[in-house]
Amino acid sequence: MAPNHSDWQRYRRLLSYARPYRGRLLAGMAMLAAVSLVEPLIQVAFSQILDRAFVADVGGTGAGATAGLASQSALAKGFLSPVTTALQAIPILWFPALLVGLFAVRSVANFVGDLALHWVSSRVVFDLRQATFAHLLRLPVGFFDSNSSAELTSKITYDTQQVGAVTSQALTTLVQDSLKLIVAVTMMASVSWKLTLGVFVIAPVVAVVVRAMTRRLRAASAALQTQMGELARFADEGLSNQRSIKIYSAFDQVLRAFSLRANAVRRTIMKQETANAASAPLMHVVVSVAIAGIVALAIQEGQRQAMTAGDFFVFFTALLSLLPPVKSLSSVNAVLQRGLAAASSVFSVLDQPTEPLVAGQSGRQLRGDIRFDGVSLRYPGRDVDALSDVTFDVPAGRRIAFVGASGSGKSTAMALLAGFYSAQRGAVLIDGQAVDELGLHTVRDNLALVSQDVLLVNDSVIANIAFGVETTAIDTQRVRWAATAAGADAFVSQLPAGYDTQVGEGGGLLSGGQRQRIAIARALYKRAAIILFDEATSALDSSSEKIVQDSLRVLGAGHTVVQVAHRLSSIRDADEIFVFEGGRVVERGNHVTLASAGGVYSKLLAAQVG
């Protein structure tokens, strides 16, 4: 059954990923087409053997009778007469060798065709995964606020693999079996067009069955994509929080919730498989009844000597050869629906607008002056502003801190500075120019970030400190300076391979404090104009925190340092502290001034000291 308009649009878009490999794709399709064209030659060859070697002498003797009977066949009189004439010129004893040659050609063509299409499929899956992952990395932070990482991972791994089947299995079936169907009908028509018309009586019934199954398969496939993403998200959430599950003995609760999701996936798969399994048997029953009627008519044709034994063999084998391609074409609908549902899931990500990464002035070095001018921001789905009419100036080279209770807006202010979000009112300016005008490339080239969530890749210590720099361009002396300034050199030097030691998946071979110091060293290595510290010392002990604070002072006037902190001891010597409450800056000043003012800051300080 032909796909609807939206399915066809998705399929065309999907096949565009195969365009760079169209040479192999077309070659593979040509080989599969050759398989479909060789099979009728084999059938005609067998019909010649029947007419010339087994039946000919019944009505006469010798080669003359053989040639006479063969020339009276319906095939010899129809539009395939050039083929039958060529075969009649071949001695009958040569036919075994001819059959071996035809089977060999079919086998080689089938192997080459399958291999070519599967190679194209693997490349399409690879390219689609690359494109999806690259696109995800360029999406704005707000997208990840409303989509779990497990669901997005499922799109990259599971959904793209389902899409690959459309460009291999489905395309193979559509090309090869469609042509087999056409060739089979052509062979039948060459013997008796009257009998062939009878075959088309079952076509409307088959169309009704396919249409019913298509609706069921499409609905089940779409539901399965959603449920698999939810199952992956919940599994990731459970495994990531397995310590809490152990501590609070929540095994049964979490397992019940997982079981509900897993069972929903199982039920949807069963719906899908039930529809898929029922489609072929239903069509087999319909087709078998039609075949019985057609064979009865063929017997009558033979009794009137309207066809020879060879003609009946060709017609009946062509009739039986209709079943496999019909079955395959009915089953391929399930593959297509799964693949198109997966394609919709993947394309829904690829269609998301990326961050406006305006290049700006390449290599521009900013001073680090910061200004918030009446900045307001409200997150989607929230009733109140995260920031409301925030205004302040920070000269370059200053070390400032944002403090306040959870949800006060301090982290949002830092996120705006990094260009993760855009202000809905007002503007964030660096060196007197709005972040949007500077371009995110320029802004982020001049920013370094150390956050609570430390990203360490499974590589060496030196590669993690110089993250984002090509291996050949890493300055090892600068790496050691950054590590020393961050208080990391002492423990790195004691590792088995020093700076070449592998840190493990997610930095799992290092402690939390060690991972944090590596991240701080990474920010120092970049030597950016503005360095953002978002709870960067939260995992450090007092002595390590002192080392980091000393390193921040060493940075000097060439860097603007912005810290977000809950632990007020880490920002006591900041040049200026901005106190946030309810999305507004309610106080600003140094530690001594604010501590004695009796305001919000002094209350936060008293709560920590007390």
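Everything numeric in this text was worked out from a predicted model, so none of it was measured.
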Check for me whether Arg10 meets the cation-pi criterion with Phe347, that is, NZ or CZ under 6.0 Å from the six-membered ring centre and within 45 degrees of the ring axis. no
How many angstroms lie between CG in Asp159 and CZ in Arg129, if you round to the nearest 0.5 Å? 10.0 Å
Name of the residue among Val564, Asp534, Val562 meeting side-chain contact (heavy atoms from CB on, under 4.5 Å) with Lys410: Val564
Give a yes or no on whether the backbone of Ala497 and the side-chain of Thr501 come within a donor-acceptor separation of less than 3.5 Å. yes
Val585 side chain reached by Phe402 side chain, heavy atoms, under 4.5 Å: no
Might you point out which heavy atoms bring Tyr421 and Leu377 nearest each other, and give the distance in Å? CB-CD2, 4.1 Å
Just how far is it from atom CZ of Arg233 to atom OG of Ser154, taken to the nearest 0.5 Å? 12.0 Å
Please answer whether the main-chain N or O of Ala131 pairs with a side-chain N or O of His135 as donor and acceptor at a distance below 3.5 Å. no
Kindly give the heavy-atom pair with the smallest separation between Leu416 and Ala423, and that separation in Å. CD2-N, 3.7 Å
What's the spacing between Leu15 CG and Arg22 CZ if we round to 0.5 Å? 13.0 Å
Could you walk me through whether Gln227 and Arg261 satisfy the side-chain contact (heavy atoms from CB on, under 4.5 Å) test, starting with their C-alpha distance in whole Å, then the side-chain angles of each, then the deciding distance to 0.1 Å, before giving a yes or no? CA-CA 7 Å; Gln227 291 169 350; Arg261 290 164 172 80; over 6 Å; no
Heavy-atom check, side chain of Ile156 versus side chain of Leu136, under 4.5 Å: yes
Quick one: pull up CG in Leu604 and CD in Glu587 and give me the separation to the nearest 0.5 Å. 8.5 Å
Does the distance from a Lys or Arg side-chain N to an Asp or Glu carboxylate O, for Arg399 and Asp575, drop under 4.0 Å? no
Quick one: do Tyr525 and Phe467 satisfy ring-ring contact (aromatic ring centres under 6.0 Å, His included)? Show the steps, please. CA-CA 9 Å; Tyr525 178 87; Phe467 186 61; over 10 Å; no
Sub-4.5 Å side-chain heavy-atom contact between Thr442 and Ile430: no
Quick one: does Ile520's side chain get under 4.5 Å of Phe533's, heavy atoms only? yes
side-chain contact (heavy atoms from CB on, under 4.5 Å) evaluation trace for Arg13 with Leu350: CA-CA 12 Å; Arg13 181 176 178 183; Leu350 292 175; 3.9 Å; yes
Inter-residue atom distance Arg138.CZ - Leu440.CG, 0.5 Å rounding: 13.0 Å
Grab the two heavy atoms, one from Asn458 and one from Gln502, that are nearest each other, plus how far apart they are. O-OE1, 3.7 Å
Exam field: side chain Thr160 to backbone Val125, donor-acceptor pair closer than 3.5 Å: no
Less than 4.5 Å apart, any side-chain heavy atom of His591 and any of Ile571? no
Working note: Leu224 + Tyr158, criterion side-chain contact (heavy atoms from CB on, under 4.5 Å); need CA distance, chi angles, decisive distance, verdict. CA-CA 11 Å; Leu224 185 60; Tyr158 177 76; 3.7 Å; yes
Out of Thr412, Asp385, Asp145, which one pairs with Tyr379 under the side chain to side chain donor-acceptor pair (under 3.5 Å) rule? Thr412
So, applying side-chain contact (heavy atoms from CB on, under 4.5 Å) with Ile400, which one of Arg588, Gln563, Glu576 is it? Glu576
Look only at the side chain of Ser348 and the backbone of Ser345, and say whether a donor-acceptor pair between them is shorter than 3.5 Å. yes
Could you check whether any side-chain heavy atom of Thr391 comes within less than 4.5 Å of a side-chain heavy atom of Val375, counting everything from C-beta outward? no
Are there over 12 heavy-atom neighbours, none belonging to Phe143, within less than 6.0 Å of that residue's CZ? yes
Between the side chain of Asn446 and the main-chain N/O of Gln365, is any donor-acceptor distance below 3.5 Å? no
Phe144 atom CZ: more than 12 heavy-atom contacts under 6.0 Å: yes
Shortest non-hydrogen contact between Asp489 and Arg480, atoms and distance: OD1-NH1, 4.2 Å
Would you call the rings of Trp119 and Tyr21 parallel, tilted or perpendicular, where under 30° means parallel and over 60° means perpendicular? perpendicular
Shortest non-hydrogen contact from Val461 to Gly498? CG2-O, 4.2 Å
Here the pair of heavy atoms bringing Arg515 nearest to Gly508 is NH1-CA, 4.4 Å
Any donor-acceptor pair under 3.5 Å from Arg517 side chain to Gly487 backbone: yes
Is it the case that Asn464 and Tyr499 place a side-chain donor and acceptor less than 3.5 Å from each other? no
So, Thr354 side chain and Leu139 main chain: donor-acceptor pair closer than 3.5 Å or not? no
Any heavy-atom pair between the side chains of Val503 and Ile518 that's under 4.5 Å? no
Check the pair Glu355 / Arg444 against side-chain contact (heavy atoms from CB on, under 4.5 Å), numbers first and verdict last. CA-CA 13 Å; Glu355 288 183 317; Arg444 290 174 184 170; 2.7 Å; yes
Nearest-0.5 Å distance, CE of residue Met414 to CD1 of residue Ile530: 10.5 Å
Heavy atoms, side chains only, cut-off 4.5 Å: are Leu429 and Leu438 in contact? no
Are the charged groups of Arg527 and Asp475 less than 4.0 angstrom apart, N to O? no
